[in-house]
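Heads up: the structure comes next, in structure tokens.
Chain identifiers are assigned alphabetically (A, B, ...) following the order of the sequence lines, protein sequences preceding nucleic acid strands; residue numbering begins at 1 within each chain.
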Number of protein chains: 2
Amino acid sequence: MNIGDVAQRSGLPAKTIRYYEEIGLITLLRGANGYRAFRDSDLHKLAFIGRARALGFSIEECRTLLALYEDAGRESGEVKRLAGEHLKQIDAKIAELQSMRATLAHLVHACAGDDRPDCPILEDLAGGACCS
Amino acid sequence: MNIGDVAQRSGLPAKTIRYYEEIGLITLLRGANGYRAFRDSDLHKLAFIGRARALGFSIEECRTLLALYEDAGRESGEVKRLAGEHLKQIDAKIAELQSMRATLAHLVHACAGDDRPDCPILEDLAGGACCS
DNA sequence: ATTGACCTTCCAGCAACTGGAAGCCCCATG
DNA sequence: CATGGGGCTTCCAGTTGCTGGAAGGTCAAT
């Protein structure tokens with residue numbers, strides 16, 4: 001398989017696959033022509049990485065997850081711990097965004113949004129000390 | 001005022017203030033010794049930017065907001081539109097994170113997390129095709 | 001032989017900072 | 001008046017995770 005096929009089948013852009021090789025997330029063989037030669041196992045790993053990334057794991061976490069995946073003697077506790085920590089980070093991020101959202105929604109609601117210059121949104125940004 | 005005072009009073013790191021000047025988000029005067037000389041209005045603007053950033057506005061959005069803030073003839077409708085778009089982006093981000101969270105929480109729940117290697121989390125990442 | 005689609009490498013850039021080095025400047029103390 | 005420590009300056013590099021583009025080699029088909 002060449003990189004184009006793998007890109008299509010894994011859903012990852014070819015550029016991204018090259019990047020993953022460059023940072024040592026995956027090691028690839030080369031054909032006589034210099035082209036990367038992908039085995040099924042490489043495609044499999046890349047799909048694994050793609051799914052982990054879609055769940056928001058960082059590249060370094062993906063590296064660890066891959067290592068655990070390939071370690072037949074792993075303890076699932078470690079995987080669970082890693083995933084649990086990541087879950088906490090996601091929760092923190094959600095909470096942060098929801099707090100922003102609340103403030104912003106309040107301000108948007110309070111703004112007339114017409115052709116006059118008076119704007120509670122700008123007033124809040126300017127003053128900090130605001131209503132309700 | 002020197003940068004240290006402004007950093008403390010605005011809550012922004014000195015490095016960040018220098019960066020904001022470098023990218024032209026704010027223009028600062030210089031004293032005879034080469035030090036940045038901050039006026040009250042500069043502090044005010046920086047606090048404005050800090051609050052906008054805390055609400056998740058990008059630097060470019062901050063630039064626009066500042067311009068609107070300083071334009072006495074602005075139409076609040078434009079501010080509201082900008083904020084409304086940003087609100088939509090926040091909502092999209094929250095939805096994305098909540099979707100991740102749901103999958104991940106499900107997997108974490110399903111994993112025994114003991115000293116045995118069997119792990120539904122890794123199985124899901126490997127296979128994609130998973131349970132319930 | 002010549003397209004045209006692939007593949008290769010390398011370099012640059014995005015957002016929004018952050019850290020560190022090297023070197024002035026200013027004030028207070030001995 | 002020298003010295004020490006803190007604060008200020010600039011510049012360069014690194015962060016995360018790619019993405020775009022240029023210049024050039026390869027391959028399969030016409």
Ion pair B:Lys45/B:Asp42, N-O distance below 4.0 Å: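 Looking at B:Asp42 together with B:Lys45, the answer is no, because their closest N to O distance does not fall below 4.0 Å.
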- prompt: Which of the following nucleotides, D:dC18, D:dT9, C:dT18, is nearest to the side chain of A:Ile59?
  reply: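 Shortest atom-to-atom distance from the side chain points to D:dC18.
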- prompt: Does a distance-only test, which skips hydrogens and angles, find a donor-acceptor pair under 3.5 Å between the side chain of A:Tyr35 and the base of D:dG25?
  reply: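 Yes, the side chain and the base share a sub-3.5 Å donor-acceptor pair.
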- prompt: For the base of C:dG20, is there a side-chain donor-acceptor partner from B:Lys15 under 3.5 Å away?
  reply: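 Result: at least one qualifying N/O pair found.
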field: Side-chain N or O of B:Arg30 closer than 4.0 Å to phosphate OP1/OP2 of D:dT10
entry: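 The answer is yes; a side-chain N or O of B:Arg30 sits under 4.0 Å from OP1 or OP2.
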- prompt: Would you say C:dT18 has OP1 or OP2 under 4.0 Å from some side-chain N or O of B:Thr16?
  reply: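 So the side-chain polar atoms of B:Thr16 do come within 4.0 Å of the phosphate oxygens OP1 or OP2 of C:dT18, strictly under.
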Touch class at under 4.0 angstrom, heavy-atom based, for [X] against every strand present:
{"X": "B:Arg53", "answer": "sugar-phosphate"}
{"X": "A:Ile3", "answer": "sugar-phosphate"}
{"X": "B:Arg36", "answer": "sugar-phosphate"}

To the nearest Å, how far apart are [X] [atom1] and [N] [atom2]?
{"X": "B:Lys93", "N": "C:dA15", "atom1": "NZ", "atom2": "C1'", "answer": "13 Å"}
{"X": "B:Glu21", "N": "C:dC17", "atom1": "CD", "atom2": "P", "answer": "15 Å"}
{"X": "B:Leu29", "N": "D:dT9", "atom1": "CG", "atom2": "P", "answer": "13 Å"}

